[in-house]
Number of protein chains: 2
Amino acid sequence: MNAAAQLADNRRKLLEIAAEEILENGFQATSIGDILTKSGLSKGALYHHFPSKLTLGYAVFEEVFVPECATRWEPALNTSDPITSISTLLRAQVSDMTDEMIRLGCPINNLGQEMSPIDEGFRQRINREINHWCDELAAAFKRGQAAGHVKTEIDTRQVATFFVASIEGAIGLAKNAQDRTLLEACVEGLIGYLEGLRA
Amino acid sequence: MNAAAQLADNRRKLLEIAAEEILENGFQATSIGDILTKSGLSKGALYHHFPSKLTLGYAVFEEVFVPECATRWEPALNTSDPITSISTLLRAQVSDMTDEMIRLGCPINNLGQEMSPIDEGFRQRINREINHWCDELAAAFKRGQAAGHVKTEIDTRQVATFFVASIEGAIGLAKNAQDRTLLEACVEGLIGYLEGLRA
DNA sequence: CCTTGAAAACCGACCGGTCGGTCTGATACT
DNA sequence: AGTATCAGACCGACCGGTCGGTTTTCAAGG
């Protein structure tokens with residue numbers, strides 16, 4: 001491996017291990033020392049790549065959590081029949097979730113709940129991302145309306161917001177209970193709601 | 001004030017200040033030192049009443065957060081027309097929420113999201129409480145069915161679970177955005193869903 | 001092809017400070 | 001006198017972050 005690749009590799013390793021630790025313990029309770037031990041790298045290496053713990057946290061959010069999430073949801077958005085495609089993806093995502101994922105919940109929402117009230121940098125990043133999802137979802141519903149699959153009288157943006165809230169709430173409930181059946185129940189409730197929006 | 005009353009008073013003061021700190025910073029990031037400073041009491045006093053920080057946290061949950069929450073929701077549950085009474089209470093609760101409450105979110109859900117994956121004691125307490133809400137809500141819907149106000153074909157327990165998840169998710173979204181209009185939008189979405197359950 | 005020099009990358013001992021928790025007394029009530 | 005109720009000095013562990021020094025890399029000059 002050449003030097004540039006090694007360099008990028010070390011940075012990536014730090015990011016991914018930090019992501020694991022943050023997902024498991026939250027940002028504040030994540031220890032730099034633990035990240036170093038797990039990665040086998042030194043404190044010098046970490047602080048060479050990231051000027052502070054906070055900066056590392058922002059990078060984890062933007063370079064690990066957000067892309068992960070985008071990959072997961074994109075397939076459902078570019079269709080003319082969003083209610084069907086979203087319902088299908090929803091069920092598939094839930095049944096694909098490991099018990100570990102149930103236990104840990106949504107990385108982005110976790111971070112938001114922990115950090116939004118106490119760090120404006122996190123808050124803005126997370127808020128921007130959630131708005132982005134709502135926008136995309138609302139656009140998908142609008143396309144559904146144009147294609148005649150979705151009732152025209154609904155406020156697409158409001159429906160999108162309610163959808164995101166319900167999903168995040170459902171993941172949170174299942175995380176507390178460590179019980180995927182809770183998540184399944186909520187998803188069926190949500191799908192029932194969506195079906196009510198069909199034209 | 002006699003001695004016994006003073007004693008109980010000190011314990012209560014510690015509980016309430018600890019509750020404020022936990023709500024603001026989360027449990028792990030809450031410092032015993034800060035609680036002592038704010039209360040004007042000493043470390044000796046705190047560790048006389050509570051053997052550990054964790055025990056204090058459990059007590060805050062059971063003696064502050066849970067009763068607060070119960071007071072807030074009980075009025076909507078003992079009626080024959082739950083959809084109407086819940087919708088009314090929901091709108092009232094949201095418009096009564098201060099900006100501070102929007103910023104901080106739901107104490108119980110906050111604690112659950114932070115502590116459930118890493119402390120079984122918190123997890124069980126929180127899970128028990130959430131189950132209790134779902135039970136009460138489901139019972140209210142059942143009474144609504146018996147009174148002919150709610151569709152008989154719905155699974156009341158599933159609806160109750162979805163309801164709780166959506167509320168918690170909505171509070172979480174509004175907390176991230178620090179924007180009560182998000183909460184209002186979600187509540188209208190949820191009320192729309194409930195209206196669809198009318199017999 | 002080799003040497004060289006400076007910059008990039010990395011190392012880990014160390015720092016001040018904070019943490020939760022303990023312990024020894026002092027005080028006040030019974 | 002004896003016991004419940006503190007007060008606060010103190011403890012070791014750990015925290016994020018710094019810093020002086022070492023190694024690696026790589027282009028330029030010969």
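Letters A, B, ... mirror the listed sequences (proteins, then strands); counts begin at 1.
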Original post:
So which one's nearest nucleotide on DNA chain D is more toward 5', A:Ala29 or B:Ala45?
Top reply: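 Looking at DNA chain D, the more 5' nearest nucleotide goes with B:Ala45.
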Are [X] and [Y] within salt-bridge range, i.e. N to O under 4.0 Å?
{"X": "B:Glu16", "Y": "B:Lys38", "value": "no"}
{"X": "B:Glu168", "Y": "B:Lys175", "value": "no"}
{"X": "A:Lys142", "Y": "A:Asp135", "value": "no"}
{"X": "B:Arg91", "Y": "B:Glu184", "value": "no"}

Between [atom2] of [N] and [atom1] of [X], the distance in whole Å:
{"X": "A:Glu21", "N": "D:dG16", "atom1": "CD", "atom2": "C1'", "value": "15 Å"}
{"X": "B:Arg11", "N": "D:dC6", "atom1": "CZ", "atom2": "C1'", "value": "16 Å"}
{"X": "A:Ile35", "N": "D:dC14", "atom1": "CD1", "atom2": "P", "value": "17 Å"}
{"X": "B:Leu46", "N": "D:dT5", "atom1": "CG", "atom2": "C1'", "value": "13 Å"}
{"X": "A:Phe50", "N": "C:dA9", "atom1": "CZ", "atom2": "P", "value": "13 Å"}
{"X": "A:Phe27", "N": "D:dC15", "atom1": "CZ", "atom2": "P", "value": "14 Å"}
{"X": "A:Asn25", "N": "D:dC15", "atom1": "CG", "atom2": "C1'", "value": "14 Å"}
{"X": "A:Tyr47", "N": "D:dC15", "atom1": "OH", "atom2": "P", "value": "11 Å"}

Side-chain N or O of [X] versus OP1/OP2 of [N]: is the shortest distance under 4.0 Å?
{"X": "B:His49", "N": "D:dC6", "result": "yes"}
{"X": "A:Ser31", "N": "D:dC15", "result": "yes"}
{"X": "A:Asn10", "N": "C:dC10", "result": "yes"}

Out of [options], whichever nucleotide has its closest atom nearest the side chain of [X]:
{"X": "B:Ile32", "options": "D:dA7, C:dC10, C:dG20", "answer": "C:dG20"}
{"X": "A:Lys43", "options": "D:dG16, C:dC11, D:dG8", "answer": "D:dG16"}
{"X": "A:His48", "options": "C:dA9, C:dG20, D:dA7", "answer": "C:dA9"}

Original post:
Looking across every strand, which nucleic acid part, if any, lies under 4.0 Å from B:Lys53 by heavy atom: base, sugar-phosphate, or nothing?
Top reply: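 B:Lys53: backbone/sugar contact only, no base atoms under 4.0 Å.
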Subject >> Sugar-phosphate only, base, or nothing, as touched by A:Thr30 at under 4.0 Å among non-hydrogen atoms >> reply: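 Sugar-phosphate, no base atom in range.
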Subject >> Check: A:Phe162 ring centroid to A:Tyr193 ring centroid under 6.0 Å >> reply: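 Yes, ring centres under 6.0 Å apart.
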